[in-house]
Each structure stands twice: as C-alpha cells, then as structure tokens.
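Single-structure report; data block below.
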Amino acid sequence: MERPDDFFGELGSRVEKRVAELIPIFAGDAPTNEPARCRDLRLRKAKKQSEEVAYQELIFSQSVVPASELVEA
C-alpha cells in the first residue's frame, strides 16, 4: 500500500464526517423537559450507533488490499 498515512487519514476523516451526519438522525428530537442525564444517555447511544453504521459502511464493507494484490488459494 502506497502512502498508508494518507489513506488512513482520509478514511478517518470520512468516518468522522459520516458519524457527525448520523448522530442527529439516531438521537432524534429532544423530548420536552428531558433531564440532562437522559439527554446525555440518548446522545451517547446515538453516537455509538452512528459509529457502528459508519464503520460498517466505510471500513468493514471494503477491502484495504487492492484486488490486484489478493492471492487466491
């Protein structure tokens, strides 16, 4: 892999951006008079769900090794 620092830096930026896009979707609207601890829990859960989705979409669904470098057994 050429320039792994660039590759992983760019991948990290894409994941971070996708997580930021998904958090509001998973968090939803704040209920009226929501206690602070419930809001914190809701937002932490939304962040965790967002990370899981972003990792699945951007990392686990792709091969890091180019197809030309894969060796068939």
Side-chain angles (χ1 to χ4, degrees):
M1 172 185 294
E2 293 182 27
R3 301 183 356 221
D5 290 341
D6 293 340
F7 173 80
F8 288 109
E10 193 269 327
L11 180 60
S13 296
R14 289 177 45 211
V15 169
E16 184 177 25
K17 180 182 176 197
R18 185 64 176 144
V19 168
E21 292 171 351
L22 291 171
I23 287 174
I25 295 168
F26 286 117
D29 295 330
T32 306
N33 300 325
E34 180 180 32
R37 65 183 177 84
C38 292
R39 183 196 73 227
D40 292 343
L41 177 61
R42 181 174 52 83
L43 293 176
R44 278 198 314 265
K45 287 173 65 175
K47 182 178 181 193
K48 192 66 170 168
Q49 287 176 305
S50 299
E51 289 170 346
E52 290 174 6
V53 169
Y55 293 168
Q56 184 62 43
E57 288 177 353
L58 301 171
I59 297 174
F60 301 132
S61 65
Q62 299 180 21
S63 175
V64 175
V65 179
S68 62
E69 294 181 18
L70 295 175
V71 178
E72 293 187 29

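Hydrogens, waters and symmetry mates are skipped; everything else that's a heavy atom, side chains included, is used. Source: prediction; values computed, not measured.
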Check against side chain to side chain contact (heavy atoms under 4.5 Å, CB included), Leu41 and Lys45: CA-CA 6 Å; Leu41 177 61; Lys45 287 173 65 175; 4.0 Å; yes

What are the two closest non-hydrogen atoms of [X] and [Y], and how far apart are they?
{"X": "Ile25", "Y": "Glu21", "answer": "CD1-O, 3.8 Å"}
{"X": "Ala54", "Y": "Val19", "answer": "CB-CG2, 3.7 Å"}
{"X": "Ala46", "Y": "Ala27", "answer": "CB-N, 3.5 Å"}
{"X": "Arg42", "Y": "Pro31", "answer": "NE-CD, 4.1 Å"}
{"X": "Ile59", "Y": "Leu11", "answer": "CG1-CD2, 4.1 Å"}

Nearest-0.5 Å distance that lies between atom [atom1] in [X] and atom [atom2] in [Y]:
{"X": "Asn33", "Y": "Cys38", "atom1": "CG", "atom2": "SG", "value": "11.5 Å"}
{"X": "Glu16", "Y": "Glu51", "atom1": "CD", "atom2": "CD", "value": "10.5 Å"}
{"X": "Glu10", "Y": "Arg3", "atom1": "CD", "atom2": "CZ", "value": "11.0 Å"}

Any side-chain heavy atom of Arg44 sitting closer than 4.5 Å to one from Lys47? no

Does atom CG of Asp29 have more than 12 heavy-atom neighbours, drawn from other residues, nucleotides or ligands, at distances under 6.0 Å? no

Starting from Phe60, can I reach Leu22 by hopping between I/L/V/M/F/W/Y residues whose side chains sit under 4.5 Å apart? no

Applying the 4.5 Å side-chain criterion to the ILVMFWY set and letting contacts propagate, would Tyr55 and Ile23 be lumped into a single cluster? yes

